[in-house]
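We use all heavy atoms of the structure for the numbers below, so side chains are in, but hydrogens, waters and symmetry mates are not. Below, chain A is the first sequence line, B the second, and so on; all start at residue 1.
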Amino acid sequence: MAFLVEKDGMTSFDVAEALGQDIKKQALVANVNGEAAELWRPLKAGDSVEILTFEDEEGRRAFRHTASHILAQAVLAVRPGTKLAIGPAIDNGFYYDFDSDEPFSPADLEVIEKEMQRIVKKNDRLERFEMPRAEAIQYMKDRNEPYKVELIQDLPEDAVISFYKQGDFVDLCAGPHLPSTGKVKALKLTQVAGAYWRGSEKNKMLQRIYGTAYPTKEALEDHLRRIEEAKQRDHRKLGRELDLFSLHEEGPGFPFFHPKGMVLRNQIEEYWRRIHRERGYHEIRTPIILSQALWEQSGHMGHYRDNMYSTIIDDAVYAIKPMNCPGGILVYKNAMHSYRDLPLRYAELGLVHRHELSGALHGLMRVRAFTQDDAHLYMTMDQVQEEIIGVIQLDRDIYETYGFKFTVELSTRPENSMGSDEDWEAATEALRQALLTVGMPFKINEGDGAFYGPKIDFHLEDSIGHTWQCGTIQLDFQMPERFELTYIGQDGKEHRPVMIHRTVLGSMERFIGILIEHFAGAFPPWLSPVQVKILTITERGDARAKQIAKTLFDGDFRAECDLRNEKVGFKIREAQMEKVPYMIVIGDKEIENGTIAVRSRKEGDLGVMPLEAFIEKLSEEVRTRAR
RNA sequence: GCCGGUGUAGCUCAGUUGGUAGAGCAGCUGAUUUGUAAUCAGCAGGUCGGGGGUCCGAGUCCCUUCACCGGCUCCA
């Protein structure tokens, strides 16, 4: 809530005070006339003031930013002579980059954290002061802080440079900050890592210390607990425990899919194929190895060479495809096309290989061989908007099936792009209109498109709030030109078609990784590698169990029997840990009555019912892809 | 690729100042025929990531290499 200041010389402190003890205690910074500012900054009559707490994004940022200053102060105390780089607040905490001859060890972190706590306890006030740019440069030169000097030199000539001071520590900073270090009640340094100065590998590698901070110990512990929980659903851990896939030293970045992982993958593909057929796509498959000449024509040799693998066949150079489009284009070019054939939608689950940096590999999320759920659409310019609408609707329907929330971004023309202004404008407008028509909220990323055309990205949010870019829709003016694609128009003449590249899931491998974490390995029945586990109590149930398994198999369900000589409690425990959606228990009573006892993974014992009733329930869940 | 960390049985981990590898779970064998999240007993399982070095002696120390983990960068 905003308040109007009545007279000059008041501060946000006074405003907070007027609002009561609770607010005063929680106040971190203020929003003054739409800009974040310290609580102690003098106000003028007529200013609009809003007090920000940890609940507000700006409040959190200031809180963590002050924490990062405390970190820098502590590091200078523990290791004098360390040069300061930058130290911003980030989503769940903060970091600070240092240039230090000796790297920081985990033991150093403990010492630094202790020093930070000492600074917090001292509860030093923060002060802000300003000076002109030239003076500021000299000031930081005198303090022997070359990175700060560089930062100031990048600011405009006429800029007034602000600094913040707490105790004997001074840092270049736009602010705002908390009134005193004592506000940062709970903090923890989480890790050290290398980071390049300004993110460029051409620059020196600095030492980055990450940490997080909260206003209370409880909130910090809560945060650490959430991290622990996220670890429990890490797809690499679950992938091993559920026996879905593995990775081996013999093929770094090349995942191996196990039987259960393949069932999951095949279910995803089956649904994908079905919905694509339904929306008028034709599936194709193109070779993995194609001649280098093709990649030169497509432009990949120029732009993407470093990420491509190649091989030699009969003395000629061939490349292993990093993308599916050139192959797909050869299919298009294989025949003449009439305007009557358009739009033409070719879909391909295409296996691509890309040489990613060894340090970037990460489970199924970042690999060197993956299957894109690709499609290339060819159309006339006036079909563009409708085609894009179709793709957006397809994306939405598929994501909703899996229970993902998602956000959409439209990226416009970047600086060094190819193609005419008119084409770019028309294409960008077509994307925008399509989004508006579908009623899809979206954000614009100015200048973030590909060099060959504008794009729409879909960012999925999984059940623990992580976001993943999966779907993309890209308009391409380049490929149709480079490959001289044509269709015969109504006028009998050749025309250039418009091409759209799109993926929905992005990569099958990564999507499976995302799904594992999204469902924490407890897949809904339609996706579960094993849908039903039939557990016998004694060997008297074996025949009945096998008979039930046969019935389920005939009904296209995935069932397994557990006939081992173990107690039923033990079998349930194992089935539960395997996250099988349904268990059927067969004992003497069920044999006698011709019924089954059903247990649900989620709800426990569901009681006794006829097999037919259970099959009907399961069929319905599979048919509707219930979650 | 770069910075830091880790690498011991299928999995999770122990292993004193260098003295010649150990537990639980999983596996196998046997007993037990069991009613909704762990029955008991026994057995087997490791050139301590690979290579090289120091030493009378290396899982422990050094060098090198590979993979993995956390970041940087990039992106599906």
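- Residue Y210(A) is classed as a sugar-phosphate contact, given heavy-atom separations below 4.0 Å to backbone atoms only.
- Rounded to whole Å, the C1' atom of rA26(B) lies 23 Å from the corresponding atom of rC68(B).
- Residue A575(A) is out of contact with every strand shown, counting any heavy-atom pair closer than 4.0 Å.
- In this structure, the nucleotide among rG4(B), rU33(B), rG35(B) sitting nearest to the side chain of E539(A) is rU33(B).
- Aromatic stacking is marked for F370(A) over rA76(B), as both cut-offs hold: 5.5 Å for the centres and 30° for the planes.
- Atom name P, nucleotides rC48(B) and rA58(B): the rounded distance is 11 Å, in whole Å.
- Using N1 to N3 plus N6-O4 or O6-N4 for Watson-Crick, or N1-O2 and O6-N3 for G-U wobble, each under 3.5 Å, rC40(B) pairs with rG30(B).
- Ring-centre distance between F94(A) and Y96(A): not below the 6.0 Å cut-off.
- Between E356(A) and R366(A), at least one side-chain nitrogen of the basic residue sits less than 4.0 Å from a carboxylate oxygen of the acidic one, meeting the salt-bridge criterion.
- In this structure, CD of Q207(A) is placed 15 Å from P of rC2(B), rounded to the nearest angstrom.
- L189(A) has its CG atom 17 Å from the P atom of rG5(B), to the nearest Å.
- Residue contacts for G569(A): at a heavy-atom cut-off of 4.0 Å it reaches the sugar-phosphate backbone alone, with no base atom in range.
- Using a 4.0 Å heavy-atom cutoff across all strands shown, K571(A) reaches no nucleic acid atom at all.
- The residue V585(A) sits close to a base: some heavy atom pair falls under 4.0 Å.
- A distance of 14.0 Å separates CZ in R354(A) from CG in D306(A), rounded to the nearest 0.5 Å.
- Using a 4.0 Å heavy-atom criterion, one finds that E356(A) contacts the bases of the nucleic acid, with or without backbone contacts as well.
- An OP1 or OP2 oxygen of rU12(B) is reached within less than 4.0 angstrom by a side-chain nitrogen or oxygen of R240(A).
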> Is there a side-chain hydrogen bond (donor to acceptor under 3.5 Å, both in side chains) between H235(A) and E517(A) once you walk through the steps?
Replying inline: CA-CA 6 Å; H235(A) 77 285; E517(A) 300 194 356; 2.9 Å; yes
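- Across all strands shown, T503(A) has no heavy atoms under 4.0 Å from either base or sugar-phosphate atoms.
- Summarising the geometry, the separation between CD on E566(A) and C1' on rC25(B) is reported as 14 Å, rounded to the nearest angstrom.
- Classification of the F257(A)-F245(A) ring pair by plane angle, with boundaries at 30° and 60°, yields tilted.
- Residue E249(A) contributes atom CD, which lies 12 Å from atom P of rC69(B) at whole-angstrom precision.
- The gap from the C1' atom of rG10(B) to that of rC28(B) amounts to 14 Å, rounded to the nearest Å.
- Within 4.0 Å of H248(A), counting heavy atoms only, lies no atom of the nucleic acid at all.
- rC61(B) and rG5(B) are spaced 14 Å apart, taking the P atom of each and rounding to whole Å.
- Across all strands shown, rU73(B) has no partner, as no Watson-Crick or G-U wobble contact with both distances under 3.5 Å is found.
- Of all nucleotides present, only rG5(B) satisfies the Watson-Crick or G-U wobble test against rC68(B), with each distance under 3.5 Å.
- If you take atom P in rG50(B) and the same atom in rU60(B), they sit 10 Å apart, rounded to whole Å.
- Nearest-nucleotide positions on RNA chain B place V568(A) closer to the 5' end than the other of V568(A) and G363(A).
- Classification of the Y309(A)-H353(A) ring pair by plane angle, with boundaries at 30° and 60°, yields perpendicular.
- RNA chain B is contacted by both Q474(A) and G251(A); G251(A) maps to the nucleotide lying nearer its 5′ end (nearest heavy atom per residue).
- Following rounding to the nearest Å, D97(A) (CG) and rG71(B) (C1') show an atom-to-atom distance of 10 Å.
- A distance of about 35 Å separates the C1' atoms of rG59(B) and rC40(B), rounded to the whole Å.
- The base of rA38(B) sits within donor-acceptor range of the side chain of R573(A), with an N or O pair under 3.5 Å.
- Here E574(A) pairs with R564(A) in a salt bridge; the nearest charged N to carboxylate O distance falls below 4.0 Å.
- Taking a 6.0 Å sphere around CZ of R226(A), one finds it holds more than 12 heavy atoms contributed by other residues, nucleotides or ligands.
- Nucleic acid contact for E590(A): base, since at least one base atom lies under 4.0 Å from a heavy atom of the residue.
- Across all strands shown, R540(A) has heavy atoms under 4.0 Å from sugar-phosphate atoms exclusively, and none from any base.
- In this structure, D588(A) reaches the bases: a heavy-atom distance under 4.0 Å links it to at least one base atom across the strands shown.
- For rC69(B), the OP1/OP2 oxygens have a side-chain nitrogen or oxygen of R236(A) closer than 4.0 Å.
- rG15(B) sits 8 Å from rA21(B) when the C1' atoms are compared, rounded to a whole Å.
- When distances are taken from the side chain of K567(A) to each of rG1(B), rA76(B), rU39(B), the shortest belongs to rU39(B).
- Among the nucleotides rG1(B), rA67(B), rC75(B), the one closest to any side-chain atom of R354(A) is rC75(B).
- Counting only heavy atoms from C-beta on, F570(A) has its side chain closest to rA26(B) among rC68(B), rA26(B), rU36(B).
- On a pure distance criterion of 3.5 Å, a polar donor-acceptor pair joins the side chain of R366(A) and the base of rC74(B).
- L361(A) comes within 4.0 angstrom of sugar-phosphate atoms only, judged by non-hydrogen atoms across all strands, and of no base.
- Look at NZ on K579(A): it is 12 Å from C1' on rA37(B), rounded to the nearest Å.
- rG51(B) and rA38(B) are spaced 44 Å apart, taking the P atom of each and rounding to whole Å.
- Between F511(A) and the choices F370(A), W272(A), Y402(A), W468(A), the ring-ring contact (aromatic ring centres under 6.0 Å, His included) rule is met once, by Y402(A).
- Nucleotide rG24(B) forms a Watson-Crick or G-U wobble pair with rC11(B), both donor-acceptor distances falling under 3.5 Å.
- The pair R225(A)-E229(A) does not meet the salt-bridge criterion, since no charged nitrogen lies less than 4.0 angstrom from a carboxylate oxygen.
- With rC11(B), rA76(B), rU36(B) as the choices, the nucleotide that has an atom nearest any side-chain atom of R599(A) turns out to be rU36(B).
- The CG atom of D605(A) sits 13 Å away from the C1' atom of rA37(B) (whole-angstrom rounding).
- Pair assignment for rA58(B): none, as no Watson-Crick or G-U wobble contacts are both less than 3.5 Å.
- No N or O donor and acceptor, one from the side chain of Y196(A) and one from the base of rG71(B), sit under 3.5 Å apart.
- As judged by a 4.0 angstrom heavy-atom cut-off over every strand, V352(A) is placed among residues making no nucleic acid contact.
- Rounded to a whole Å, the CG atom of N445(A) is 15 Å from the C1' atom of rC75(B).
- In this model, the phosphate group of rA76(B) is approached by a side-chain N or O of Q469(A) to a distance below 4.0 Å at OP1 or OP2.
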